[in-house]
Amino acid sequence: MMKTPEDVRAQGHEKALKELLLQLADDDFIVAYRGSEWLGLAPHIEEDVAFSSISQDTMGHATMYYQLLEDLGLGVANDLAHARKPEERRNAILLEEVNGPGHYLEEPRYDWAFAVVRHYFYTQAKKIRIDSLQASSYEPLSHVAIKVNTELYYHLMHWKTWFKQLMTIPGEARERMLSAVSRSMEDAGGILALGPHEKKMTEAGLIEGEEFLKKRWLHEVEAMCDDCGVQVTLEPMMKRGNGRALEHTEDLTDAIKTLSAVYRQDPAAIW
Amino acid sequence: MTTMTAFERLSDEEKHNHFMQRIEAGEKIEAEDWMPEEYRMTLIKLISMHGISEIMGALPEKEWVPKAPTLRRKLGIMAKVQDEMGHGQLLLRVAEDLMKPYGRNREDIMQDLFTGRLKFHNVFHMPAPTWGDAGLIGWLVDGAAIITQTNMLKASYGPYARALQRICAEEVFHAQHGEAIIMALAEGTDEQKALVQDSLNRWWESLLMFFGPAAADTTGSSKQDTTIKYKIRTKTNEQLRQDFFTKYIPRVLSLGLELPDPTMRYDEEKGLWIYKQPDWNEFKEIVRNNGPKSKERLRLRQLSYENNAWVREALSPSNEAI
Ligand SMILES: [Fe+2]
Ligand SMILES: [Fe+2]
C-alpha cells in the first residue's frame with residue numbers, strides 16, 4: 001500500500017499513477033462539460049435539475065483527481081485542467097464528441113438518445129473502474145474512489161432508468177436509442193481502455209486490468225439490453241482512435257477552447 | 001365536516017369576507033382552500049412568472065458555466081444554475097396546483113412562455129458578455145432577488161411562502177458566490193477591475209427596473225396594490241428599490257467602483273435615495289420580449305422543446321401503459 005506521494009516515488013510507480021489519474025480526471029472533466037452544455041435543453045425541467053446535478057458531481061470528481069496530481073507534484077490542479085493542450089489529454093474520444101449539431105448557446109439540436117446512451121455507457125464503465133479503484137494500492141486514490149462511488153450509485157441508476165424507459169417503447173424512441181447504441185459502440189472501446197501504460201498500472205496494483213474491466217462492462221450492458229428485450233451487437237471499438245494514447249478529434253480542440261476561455265485571458269491572475 | 005358544510009352554504013360575499021378575515025388574521029391559505037378568483041389569478045400570474053424566470057435566468061449564466069476560469073468557480077456556478085432550475089421546478093409545481101381548477105398544466109405554462117403571454121423578469125432578457133457579468137449576476141441580481149423574495153416570505157399563500165423559505169436560503173449562497181467572483185476581480189489586475197465596472201454600468205438600469213415601476217401610472221399596470229391587499233407582500237416596489245440601494249450602494253463604493261448614475265445621492269431629510277429613473281418605456285419593451293436577448297433565449301427553450309418532442313411523446317401516459 002502506498003500512502004503518500006513519497007511512497008509512490010520510492011516504489012517507482014509515479015508514471016503509471018500519473019497516467020491513470022490523468023485518464024480519470026480528463027474523462028470526468030470533458031463529460032461534465034458535455035453535460036453542462038445541456039443545461040436548459042433537457043426534455044423537462046425535472047431532468048434539467050437532475051442532469052445538472054450529475055454534471056456538477058462529475059466536475060467535482062475531476063477536481064479531486066486533478067488535486068491528487070497536484071499533490072504528487074505534477075502541476076497545479078487548475079492548470080492541469082485548463083492549460084493542457086488537446087494533444088496532451090487522456091480522455092476517451094466518446095466523451096469529447098459534441099452533443100449534436102449546433103452550439104450550446106446557438107441553435108443546439110442535441111440528441112437526447114445519444115446523451116442517454118453515452119452517459120449510460122460511460123457511467124457503467126466508470127462504476128466498474130471505481131469499484132476496482134476502491135482497492136487501489138495508492139491509498140489517497142482509494143479514498144477518492146469511495147467518495148465518488150456514493151454519488152456514482154445515483155448517476156448510474158439515473159442513466160439506467162432513462163436507457164430502459166426509452167429502449168422499451170416501440171417506435172421512434174427505440175429506433176433512436178438503437179441507432180445511438182450502434183453509433184456509441186464505435187468509440188465505446190475508449191472508455192474501457194487503460195492505454196499504453198496499462199501493464200505498469202496493474203503491476204503497481206493501482207487498478208485491475210483492462211480485460212477484466214471490459215468483461216464486467218459487457219456483462220452489465222448485455223444484461224441491460226436483455227432486460228429491455230433488444231438485441232445489440234456488443235462490440236466496443238475505437239474507430240477514431242485511443243484517447244489514452246493522445247489521439248483526439250477536432251471536437252476536443254473546440255471544447256478545450258471554450259473550457260479555458262476566461263482562464264487563458266490571464267493564466268497568472270487570481271480569478 | 002360540519003364547518004365545511006356550513007361554509008359551503010355561505011354566499012360568495014360571505015365566503016369572501018371570511019377569506020379576508022383569515023388573511024387579516026395572518027392565517028395561511030392552502031391549495032385546497034376556497035379563495036377569491038382575483039387571489040388565485042394573482043398568485044398564478046406571480047408564481048408562474050417567478051418560476052419561469054428562475055428557468056430563463058439560468059440561460060444568461062449558462063454561457064459562463066463551462067468558461068468559468070477555475071475548477072472552483074466551475075463548481076460554484078454549476079451549483080448555482082442547478083439551484084435556479086430547482087427553484088423553477090418547485091415554483092412551477094406550486095403554480096400548477098393553483099391552475100388545476102382551470103384544467104391547465106405545465107404544457108400551458110410552456111406554451112404561454114413561447115407566445116409571450118407569460119413574461120419573465122427583465123434582467124434575464126439582457127446580454128451577459130463577460131465573466132464580470134457572471135459575477136455581477138450572482139452578486140446584484142440575486143441580491144435584488146433576495147430583497148424582493150424576503151418581502152414575500154410571510155406570503156398569505158402557504159405553499160408559496162414555504163417554497164420561498166427554501167429558495168431564499170439558497171439565494172444567499174448565490175449572492176456569496178457572486179460576491180466572491182466580484183471581490184477577486186476587484187482585487188485583481190487592471191483588466192479584471194475593468195470587467196467589474198463595465199458590468200456594473202451594463203446592468204445598472206436593469207437592476208433598477210428589476211423592482212418594477214414605483215406606481216401603475218409609469219407603465220400602465222402594476223399588481224403591487226393587489227398583492228399588498230392580500231398580504232402576499234408587504235413593501236411597495238419603491239420601498240424595495242430603496243432597500244436595495246441602502247444595502248448595496250455602500251458595498252459598491254467600498255470596492256472602489258463608480259456609480260453609473262452621477263446624480264445619485266442620499267437625501268438625509270427624506271431618508272431616501274435620489275436617483276435617475278431608468279427608461280420605463282424600454283422596460284415595457286423588454287418584458288414584451290423585445291429585449292436584446294429575449295428572442296435568442298426563447299429560441300433556445302423552444303428549440304429544446306421541439307427537439308425533445310419525441311421524448312415527451314415516449315413518456316406520455318398512453319405509452320407508459322404499454
Ligand atoms: Fe433562484
Ligand atoms: Fe439565485
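Numbered from 1 within each chain, the chains take letters A, B, ... in sequence-line order.
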Greatest number of non-hydrogen atom pairs under 4.5 angstrom with chain B, of A261(A), A32(A), P43(A), falls to P43(A)
Should the heavy atoms of other residues, nucleotides or ligands under 6.0 Å from CD of E306(B) be counted, would the total exceed 12?
-> yes
Under 4.5 Å heavy-atom distance to chain A, tell me which part of K67(B) shows up: side chain, backbone, both or neither.
-> both
Identify which part of Y104(A) has an atom lying under 4.5 Å from any heavy atom of chain B, answering side chain, backbone, both or neither.
-> both
Please flag which part of R297(B) lies under 4.5 Å from any non-hydrogen atom of chain A: side chain, backbone, both or neither.
-> neither
Where on R176(A) is there a heavy atom nearer than 4.5 Å to chain B: the side chain, the backbone, both, or neither?
-> side chain
Per-residue contact mode, Y66(A) against chain B (heavy atom under 4.5 angstrom) = side chain
Cut-off 4.5 Å, heavy atoms of chain A, and the answer for A68(B) is backbone
Drop me the distance from W112(A)'s CH2 to R312(B)'s CZ, to the nearest 0.5 angstrom.
-> 13.0 Å
Examine whether an atom of A113(A) lies under 4.5 Å from a heavy atom of chain B, and if so say whether it belongs to the side chain, the backbone or both; otherwise answer neither.
-> both
Pair count under 4.5 Å, heavy atoms only, with chain A: among A79(B), A58(B), G188(B), G88(B), highest is A79(B)
Quick one: what part of Q192(B) sits under 4.5 Å from any heavy atom of chain A, side chain, backbone, both or neither?
-> side chain
Measure distances from I77(B) to the heavy atoms of chain A and classify the residue's part below 4.5 Å as side chain, backbone, both or neither.
-> neither
Name the option with the most non-hydrogen atom pairs under 4.5 Å to chain B; the candidates are D57(A), D79(A), T258(A), L166(A).
-> T258(A)
Salt bridge R299(B)-E107(A), side-chain N to carboxylate O under 4.0 Å | yes
Interatomic spacing from CG in L39(A) to CD in E84(B) - rounded to 0.5 Å | 10.5 Å
Top residue by heavy-atom pair count (under 4.5 Å) with chain A, among R106(B), E296(B), R73(B)?
-> R106(B)
Checking A81(A) against chain B: side chain, backbone, both or neither under 4.5 Å from a heavy atom?
-> side chain
Under 4.5 Å between any side-chain heavy atoms of L185(B) and W271(A), yes or no?
-> yes
Measure distances from T70(B) to the heavy atoms of chain A and classify the residue's part below 4.5 Å as side chain, backbone, both or neither.
-> both
